[in-house]
Trainee: 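Would you mind keeping the following structure in view while I ask a few things?
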2 protein chains.
Amino acid sequence: MSLPHALLGLLAEQPASGYDLLKRFESGLAVVWPAQKSQVYGELAKLSEKGLIEVTGTGARQRREYGITEAGRAELRGWLTEPGTDFAFRSAALLRVFFLWTLSREEGVDYLENFARINRERLAALEAVRDNAEWVGDPVQICGWLILEYGLRGSTTSAEWADWAAERLTEHL
Amino acid sequence: MSLPHALLGLLAEQPASGYDLLKRFESGLAVVWPAQKSQVYGELAKLSEKGLIEVTGTGARQRREYGITEAGRAELRGWLTEPGTDFAFRSAALLRVFFLWTLSREEGVDYLENFARINRERLAALEAVRDNAEWVGDPVQICGWLILEYGLRGSTTSAEWADWAAERLTEHL
DNA sequence: AGTTGCATGTAAGGAGTTACATGATTAA
DNA sequence: TTAATCATGTAACTCCTTACATGCAACT
């Protein structure tokens, strides 16, 4: 159950509407946790029912702004500090690699080269984010910076691995 | 839609029962794509209805063995070669990092140190797999080996990043 | 006779995706 | 007045998880 906690985390920083939250997902959070609008609006309703967030104001175009409650902050804290934390991750792109032996060598190598290319594109995009940001050093931004660095290191590692894997496939298949 | 394709991929290698497939998920595939038994049995029924797999034999204890059909191989091939491939991944562990600023410095550092520890444990487990395996070099095993190497590199990168991130948090928060 | 491992599922519910649907406000 | 953007949702469906449920076979 991560989406509700992601919303609580964003609202812990400042009040926001569903629309605002969706934009903040797209620019940043979506890299590690994508979310659809129907799901965000649905979760906001549930969180509100549970008293973890509350409507703090309304605006033009039936805008409804939510803020986190004390109960919400406690829930967020629990999620961040509980010991049995979920480290599972899923990647369809890696799953495919298990089955590359069913293709020809050329097709397999193509797949891995594409894998490398996608990761280099992502790396370039993240470098642009890093270079264009103004680093003021508030705690929120620092955590974003940590994730950004993870992205930089991770896409580099992935791209290099895919190059290596393409060579191994060429050699051994 | 990855689970049905994962099953097709495993059956492309050799016929197997739901039980067999579950064991093969646990030892290997589950790292990139976890699956529950209820889901596997359910998917097998669906794939069979669609004609992508078929019952190839029965055994003791109502064992039912499935094999992939030609239509199934075509479907698998399509999934592996289609251009608009899904590179999204989800990680609750990284999502949490976005919100470490809501904790104290000590708690944040604890989280990252635990992150590093988990990755070093995983690394050790993968090294054991690598060192205990007999490498005969058939195509199926080579693809497994590529994934294993991804795991080794990825957990190393993740552990080193977490060390680095813990230092940054200590310095800047 | 009892335990372990093999083998298959159902039921219920929550998480996530895709498509559809509506309406208000602002700027060109 | 038209288009873009802001803003909120519902409906239908699939995917995934957890808990429950059953029974056979082999070994001790």
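In this text the structure is predicted, and so the values were computed from the model without any measurement.
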Trainee: Report yes if at least one side-chain N or O of A/Gln62 is closer than 4.0 Å to OP1 or OP2 of D/dA7; otherwise report no.
Mentor: no

Trainee: Does B/Glu149 pair with B/Arg153 as a salt bridge, N-O distance under 4.0 Å?
Mentor: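 Salt bridge flag = yes for B/Arg153 with B/Glu149.
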
Trainee: Can you pull the contact range of chain A along DNA chain C, 5' to 3', using atoms under 4.0 angstrom from its heavy atoms?
Mentor: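 Range of nucleotides touched by chain A: C/dA15 to C/dT26.
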
Trainee: Near DNA chain C, under 4.0 Å by heavy atom, which residues of residues 8-31 of chain A?
Mentor: none

Trainee: To the nearest Å, how far apart are A/Arg64 CZ and D/dA7 C1'?
Mentor: 10 Å

Trainee: Measure the distance from OH on B/Tyr41 to P on D/dC16 and round it to the nearest whole Å.
Mentor: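 One finds 18 Å between P of D/dC16 and OH of B/Tyr41, rounded.
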
Trainee: Considering only heavy atoms from C-beta outward, does the side chain of A/Leu10 approach that of A/Asp20 to under 4.5 Å?
Mentor: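 A/Leu10 vs A/Asp20: side chains apart.
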
Trainee: Can a salt bridge be assigned to the pair B/Asp163 and B/Arg120 using a cut-off of 4.0 Å between side-chain N and carboxylate O?
Mentor: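 Between B/Arg120 and B/Asp163 there is a salt bridge, with a charged N closer than 4.0 Å to a carboxylate O.
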
Trainee: Tell me whether the OP1 or OP2 atom of D/dT10 has a side-chain N or O from A/Lys37 closer than 4.0 Å.
Mentor: no

Trainee: Flag the pair B/Asp86 and A/Arg90 as a salt bridge only when some basic side-chain nitrogen lies within less than 4.0 angstrom of an acidic carboxylate oxygen.
Mentor: no

Trainee: Not counting sequence neighbours, list each pair that qualifies as a side chain to side chain donor-acceptor pair (under 3.5 Å) and has a residue in residues 125-138 of chain B.
Mentor: none

Trainee: Whole angstroms only, please: what is the CG-C1' distance between B/Leu44 and D/dC15?
Mentor: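 Whole-Å distance recorded here is 15 Å.
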
Trainee: Roughly how many Å is it from CE in A/Met1 to P in D/dC16, rounded to a whole number?
Mentor: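 Checked: the CE to P distance equals 18 Å.
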
Trainee: Should A/Phe25 and A/Trp33 be marked as a ring pair (Phe, Tyr, Trp, His ring centres under 6.0 Å) after you check the CA-CA gap, both sets of side-chain angles, and the distance that decides it?
Mentor: CA-CA 8 Å; A/Phe25 261 91; A/Trp33 206 269; 9.1 Å; no

Trainee: Rounded to the nearest angstrom, tell me the gap between atom CD in B/Gln39 and atom P in D/dT18.
Mentor: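 Distance check: B/Gln39 CD to D/dT18 P gives 11 Å.
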
Trainee: Do you know which of A/Gln62, A/Arg61, A/Arg63 makes side-chain hydrogen bond (donor to acceptor under 3.5 Å, both in side chains) with A/Ser17?
Mentor: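 Of A/Gln62, A/Arg61, A/Arg63, side-chain hydrogen bond (donor to acceptor under 3.5 Å, both in side chains) with A/Ser17 is met by A/Arg63 alone.
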
Trainee: If you define the side chain from C-beta out and look only at heavy atoms, does anything of A/Glu13 sit under 4.5 Å from A/Arg24?
Mentor: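 Yes; the side chains approach each other to less than 4.5 Å.
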
Trainee: D/dT17 C1' sits how many Å from B/Gln36 CD, rounded?
Mentor: 6 Å

